[in-house]
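Below is one structure, written out as structure tokens; comments come after it.
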Amino acid sequence: MTDKGDQRSDTRSEGDKYGTPRAHDPHFRGPVVNRSCTDVLCCMIFMLFIMAYILLGLAAWVNGDPRRVAYPTDSQGYFCGQKGTPNENKSILFYFNMLTCTSPSVVVNLQCPTTQICVSKCPERFLTFMEIQFKYKNDSEYWTYYSQFCRTTFLKPVETLSQVLLDNDCPSAIYPSKPFLQRCFPDFSTKNGTLTVGNKTVFDDGSGKTRNAAELRKAANGINKALDARAIGVKVFEDYATTWYWILIGLTIAMFLSWMFVMLLRFTAGLLFWIFTFGVIGIIAYGIWRCYLEYSRLEEQPGSHLNAYTIGIQTDISMYFRLKQTWFALMIILCLLELFIILMLIFLRTRIRISIALLKEGSKAIGYIPSTLIYPALTFFFLSVCISYWAVVALYLATSGAPIYKVIAPQGQCEHENKTCDPVGFNATEIAKACPGAQCHFAFYGGKSLYHQYITTFQLLNLFVFLWLINFVIALGQCALAGAFASYYWALKKPDDIPPYPLFTAFGRAIRYHTGSLAFGSLILAVIQMFRLILEYLDKRLQKAQSNISKFLKCCLRCCFWCLEKAVKFLNRNAYVMMAIYGKNFCKSARDAFNLLMRNILKIAVMDRVTDFVLILGKILVAGCIGVLAFLLFTERLPVIIEGPTSLNYYWVPLLTVIVGSYIIAHGFFSVYAMCIETIFICFLEDLERNDGSAEKPYYMSQSLMKIMNRRNVETKKQ
């Protein structure tokens, strides 16, 4: 064995020293070992972008402050509840007039046009400023309670209501509220089917107007949905706390089932495919028979001469199924579909057999290189790091700068609205005189420095590099897996000739020699995805101003970019396979892969459909089996076999978690299997074009594939 291995290595080196092997090179014996770095310029650009990304993260970390997201901010731009500030014991944000939150400026500025202050607790009763002025004379406790919701502390309510409303020192009225997300929101409840606030349906808003709970509900409608979700969230958390270990057990079983499915495909791939195919043929045949029965039944009934033209367009679709013409048309369509499927099976039977044999070969390859099934965990780790870094940088960029204040008018009809202002002495400015009721409120964080002027550009750069890194991580995994499975295929005697640690070796080669090429391919994909995201963003922002022509063009562009992304992903994947085998740069690998696929386009189509069917069926089987077991367990249908969790609020919460988690786990396993099949298929096509079965150029395909293709090696002939 040692001599043969050495001879094989020497032969490969002899071929490599003359350059990259080509289709006529008789010395090719698998993935090239002696290779050079490819797409060095793109590698340098990629490294520069990564360094710039790190510097961007450092700059954002220096200038940003995530506390601005964690703590609510009052109208002056101060945090509520932050330690070491006057608001340390005031952790809740209070809105002076929640009813103004229905103003159009809320949509434009994402700010409620009313004064907001930090308080230690929310109001618990109905009170108006007018009531306080009368009740204060008899009991000062009323003013003590009311004054805690004012901006400044007064010894007594000396100001008139108009002066209070003008200076925004105190709210005109307070309502029973409860804290949620560190903000005071009305305490809504339902009494005998009627919406109430603090057990009242109508109340005084402090300016002499009578309001009802529905108006207040409208002002806090978006938050009210969150309030309803809070109770559900608590129950969901309780369900997870009760069933977390059952969920882990279910996901562990899903991993075992996925591994078993991949390993058993060498025996069951053909059986699964033909059972499904004949099942489809049988279902279509039943449909033809059913259509014929309905056609015969309707032909004997009166009015059978009616057709679709006679009854015209009907909103009730069932009317058309009362016509024999409908059933006749369906029968013809099903007959044509049945004939098409049967003819495809007859004329493509050899290619289908090849596809099934390759599926079995892929299962064997994973069995010989089991470490490939662990690789998705490494990809998941890299992706988690990229996603976390992007989210943190985006958060710090969004919270960079000093407080910026904007003019906000309650009615949204002020020529100075949305202009920058200074809250100190704002009421004495010309803007306050020109726009009665306008207020100077905190809007966001920013600044006039060069850094703050390009925050939006930095956010776009953050998103673009994030997409580039995500695609690079996926490309690295595809290239490493392709190299490992190519080492398996090009081993003449399997598994003896498989090199040691094929996945580790392929991963090292991809990092050392092809970082630039992988960055090149992922860059193309990132640019396309960036264009798609920009298109979606513009669609959301300009949705109300779109004409029919613009909507049509938008749909065309969306479809074109979607198709382009799918095509580039497919070509990139095959380019990485060729790169892992021959060590060429990205463009040459993509060209060779494209030419090879075009020469075998029919085999590609059949192979993709068969592989997609098997993988989808595998995912459904794994997720379905785990889902059925989880359903029986969480609904207490298995008390005799095993006692599951009891008294769940929503049994579907852990059930959906187990099903979705099982599907994701199965997808991770089968993504490795799909890459294995694609690599082996590319190697199989190369094997057919490169070799002829002679002693100098033997076939590397399995015996089953040689039997299907009616090919033999010289050694086999002699035996």
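The figures here come from the full heavy-atom set of this structure, side chains too, leaving out hydrogens, waters and symmetry mates. Along the sequence shown, the residues carry numbers beginning at 1.
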Looking at residues at least two apart in the chain, or sitting in another chain, which of them share a ring-ring contact (aromatic ring centres under 6.0 Å, His included) with [X]?
| X | result |
| --- | --- |
| Phe520 | Phe586 |
| Trp289 | Tyr286 |
| Tyr501 | none |
| Tyr292 | none |

Taking atom [atom1] of [X] and atom [atom2] of [Y], what is their separation to the nearest 0.5 Å?
| X | Y | atom1 | atom2 | value |
| --- | --- | --- | --- | --- |
| Ile281 | Trp274 | CD1 | CH2 | 8.5 Å |
| Leu525 | Ile470 | CG | CD1 | 11.5 Å |
| Asp39 | Cys587 | CG | SG | 6.5 Å |
| Lys588 | Ser517 | NZ | OG | 10.5 Å |
| Leu557 | Glu536 | CG | CD | 11.0 Å |
| Phe681 | Cys683 | CZ | SG | 11.5 Å |

List the residues meeting side-chain contact (heavy atoms from CB on, under 4.5 Å) with [X], not counting sequence neighbours, and say none if there are none.
| X | answer |
| --- | --- |
| Tyr513 | Arg35, Cys37, Arg509 |
| Thr252 | none |
| Lys619 | Tyr663, Ala666, His667, Phe670 |
| Leu251 | Ile247, Ser662, Ile665 |

Write down the atom of [X], the atom of [Y], and the distance for their closest heavy-atom approach.
| X | Y | answer |
| --- | --- | --- |
| Arg573 | Glu678 | NE-OE1, 2.9 Å |
| Leu535 | Phe561 | CD2-CD1, 4.4 Å |
| Leu615 | Ala674 | CD1-CB, 3.5 Å |
| Phe472 | Thr515 | CE1-O, 3.7 Å |
| Ser671 | Gly668 | OG-O, 2.7 Å |
| Ala510 | Leu518 | O-CD1, 4.2 Å |

Could you please spell out the steps behind the side chain to side chain contact (heavy atoms under 4.5 Å, CB included) verdict for Ile680 and Cys676? CA-CA 6 Å; Ile680 291 177; Cys676 175; 3.6 Å; yes

Counting only pairs under 3.5 Å, give me each side-chain donor-acceptor contact of residues 365-384, with atom names and distances, residues two or more places apart or in other chains.
residue: Thr372; atom: OG1; partner: Ile369; partner atom: O; Å: 2.7
residue: Ser384; atom: OG; partner: Phe380; partner atom: O; Å: 2.7

State, with a plain yes or no, whether a side-chain heavy atom of [X] is found less than 4.5 Å away from one of [Y].
| X | Y | value |
| --- | --- | --- |
| Tyr488 | Lys364 | yes |
| Phe507 | Leu476 | yes |
| Phe464 | Leu523 | yes |
| Leu629 | Val658 | no |
| Ser487 | Thr505 | no |

Would you say [X]'s side chain and [Y]'s backbone share a donor-acceptor pair under 3.5 angstrom?
| X | Y | result |
| --- | --- | --- |
| Asn572 | Gly521 | yes |
| Ser363 | Met263 | yes |
| Thr611 | Asp608 | no |
| Ser522 | Ala519 | yes |

Would you list the atom pairs, donor with acceptor, under 3.5 Å between side chains in residues 343-355 and any protein atom, with sequence neighbours excluded?
residue: Arg349; atom: NH1; partner: Ile346; partner atom: O; Å: 2.4
residue: Ser355; atom: OG; partner: Arg351; partner atom: O; Å: 3.0

Would Leu359 and Tyr673 count as a side chain to side chain contact (heavy atoms under 4.5 Å, CB included) if you check the C-alpha gap in whole Å, the side-chain angles of each, and the deciding distance to 0.1 Å? CA-CA 9 Å; Leu359 290 174; Tyr673 183 69; 3.4 Å; yes

Look at Lys569 together with Glu565 and state whether they make a salt bridge at an N to O cut-off of under 4.0 Å.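 Looking at Glu565 together with Lys569, the answer is yes, because their closest N to O distance falls below 4.0 Å.
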
Checking side chain to side chain contact (heavy atoms under 4.5 Å, CB included) for the pair Ile677/Met607: CA distance, chi angles, key distance, verdict? CA-CA 9 Å; Ile677 297 301; Met607 183 68 215; 2.9 Å; yes

Considering residues, nucleotides and ligands other than [X], do more than 12 of their heavy atoms fall under 6.0 Å from its [atom1]?
| X | atom1 | answer |
| --- | --- | --- |
| Arg558 | CZ | yes |
| Met255 | CE | no |
| Trp562 | CH2 | no |
| Phe570 | CZ | yes |

With sequence neighbours excluded, give me every side-chain hydrogen bond (donor to acceptor under 3.5 Å, both in side chains) pair touching residues 593-607.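 side-chain hydrogen bond (donor to acceptor under 3.5 Å, both in side chains) check on residues 593-607 returns Arg599-Glu689.
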
According to the side-chain hydrogen bond (donor to acceptor under 3.5 Å, both in side chains) rule, which pairs have a member within residues 255-264, sequence neighbours left out?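 Sorted pair list comes back empty.
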
Modelled atom types, side-chain donor and acceptor of Tyr489 and Asp687, under 3.5 Å: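 Distance-only check passes for Tyr489 and Asp687.
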
Just by distance, with hydrogens left out, do Asn471 and Gln529 show a side-chain donor and acceptor under 3.5 Å apart?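 Yes, side-chain donor-acceptor contact under 3.5 Å.
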
Side chain to side chain contact (heavy atoms under 4.5 Å, CB included) between Val527 and Trp468, intermediate numbers included: CA-CA 8 Å; Val527 170; Trp468 196 355; over 6 Å; no

